[in-house]
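Note on naming: letters A, B, ... go to the chains in the order of the sequence lines (proteins, then strands), and numbering restarts at 1 for each one.
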Amino acid sequence: MIHSGKLTGVDDNLLLYKKVTGLAAEESSDEKLLHELNNALTVILGNARFLAIKLDDQKNYEATKESLEKVERIRIAAEKGAALVSRLQKSKSS
Amino acid sequence: MKSKNFILVIDDDANVRNAICDNLGICGFNMIQVDDGKKGLSYIRSSHPPDIVITDIIMPGEEGLAIIQQIRKMKTNIKVIAISGSGNVLMNGSSFLDMAKKFGADAIFPKPINMDELENTVMSFSKAMHRMEA
């Protein structure tokens, strides 16, 4: 039973849970690869953001400015990678 | 009023957990991380449970949906954020994250996670909790 967008029946939840976990186990090798790529991109983007925040505190120094530019390049490349993975996942789902 | 919320991150990928903890940690949140759902549930059921749980959906052992279900059965005010890198769409057209929402997740994030949006969501949950306690 779905009430206000949330499942309320325990039996329904269990049934859906079994369906979902079954499908997770059946992910194709391509889907698993895309899944892993999204994990890797989370790590790249997350670390680039963290470094940018930390480096921003010292942006008066020339070396730090250069590092910030490099971090920005990493971020842009990873964003492009994320868009490509999303396109691949959508084309596999359709 | 509690000054800093306690956030539990559950993900089997250590680098993903670290990236989340680093980015939310610089906002002043108390972060703790575990690599599977069983360890996560033991924190959730402890005498000092987290205020916010960020959980992956597809993990070996106890999966994210089961964790969300357990939290909702406990009738606590713990906020749950589900994350997933799977683009799988189920037969009914729902994704794993759609399912997480139906199971009771308060927010959902596809991977790669937009850390700015995650931070904003966590901040808004934190502010709402502090308003309730005041």
Side-chain angles (χ1 to χ4, degrees), chain A residues 1-10 12-14 16-28 30-54 56-57 75 78-79 81-94, chain B residues 9 11-27 56-70 72-73 83-106 109-119:
Chain A
M1 175 171 42
I2 297 175
H3 180 67
S4 303
K6 288 186 179 176
L7 291 160
T8 52
V10 172
D12 290 339
N13 275 358
L14 282 171
L16 278 165
Y17 174 65
K18 281 175 186 166
K19 275 187 188 173
V20 171
T21 49
L23 279 165
E26 287 168 15
E27 264 190 331
S28 71
D30 279 0
E31 285 159 350
K32 278 180 186 154
L33 269 176
L34 291 172
H35 192 158
E36 287 305 315
L37 258 174
N38 278 330
N39 274 353
L41 288 164
T42 296
V43 175
I44 295 167
L45 286 164
N47 280 290
R49 181 182 185 268
F50 180 80
L51 275 177
I53 292 168
K54 287 284 180 188
D56 199 45
D57 289 341
R75 191 192 64 75
E79 292 280 7
L84 287 171
V85 172
S86 178
R87 275 174 58 189
L88 278 168
Q89 284 180 322
K90 278 177 188 155
S91 70
K92 286 201 162 291
S93 299
S94 59
Chain B
V9 179
D11 197 306
D12 57 325
D13 188 318
N15 290 321
V16 170
R17 292 196 308 272
N18 286 332
I20 294 170
C21 289
D22 283 345
N23 278 278
L24 295 179
I26 48 177
C27 304
D56 193 18
I57 297 297
I58 301 167
M59 292 181 284
E62 198 88 35
E63 296 205 15
L65 291 177
I67 294 164
I68 298 168
Q69 196 169 39
Q70 291 297 318
R72 290 301 166 241
K73 272 186 189 170
I83 56 177
S84 180
S86 173
N88 259 7
V89 173
L90 311 182
M91 280 189 298
N92 64 359
S94 300
S95 67
F96 287 112
L97 287 174
D98 292 331
M99 297 303 299
K101 192 91 179 162
K102 286 178 180 169
F103 271 58
D106 298 287
F109 282 86
K111 290 176 183 171
I113 298 166
N114 182 323
M115 293 290 178
D116 290 327
E117 286 179 14
L118 181 65
E119 182 188 312

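Residue B:Asn23 touches chain A through both its backbone and its side chain, counting heavy-atom pairs closer than 4.5 Å. The part of A:Ile53 that comes within reach of chain B is its side chain, from C-beta onward, which places non-hydrogen atoms under 4.5 angstrom from that chain.
Atom CG of A:Asn47 is separated from atom CE of B:Met115 by 8.0 Å, given to the nearest 0.5 angstrom. Rounding to the nearest 0.5 Å places CG of B:Asp116 at 4.5 Å from CZ of A:Arg49. In this structure, CD on A:Gln89 lies 6.5 Å from OG on B:Ser86, to the nearest 0.5 angstrom. Note that CG of B:Asp56 is 5.5 Å distant from NE2 of A:His35, once rounded to the nearest 0.5 Å.
The two residues A:Phe50 and B:Ile26 make their nearest non-hydrogen contact at CE1-CG2, 3.5 Å. Residues B:Ala19 and A:Gly46 approach most closely at CB-CA, 4.3 Å, considering heavy atoms.
Partner of A:Asn39 under the side-chain contact (heavy atoms from CB on, under 4.5 Å) criterion, chosen from B:Ile83, B:Val16, B:Asn15: B:Val16. Here the options are A:Val43, A:Thr42, A:Ile44, the test is side-chain contact (heavy atoms from CB on, under 4.5 Å), and the partner is B:Pro112; only A:Thr42 passes.
Put simply, the side chain of B:Lys111 does not reach to within 4.5 Å of the side chain of A:Leu41, judged on heavy atoms.
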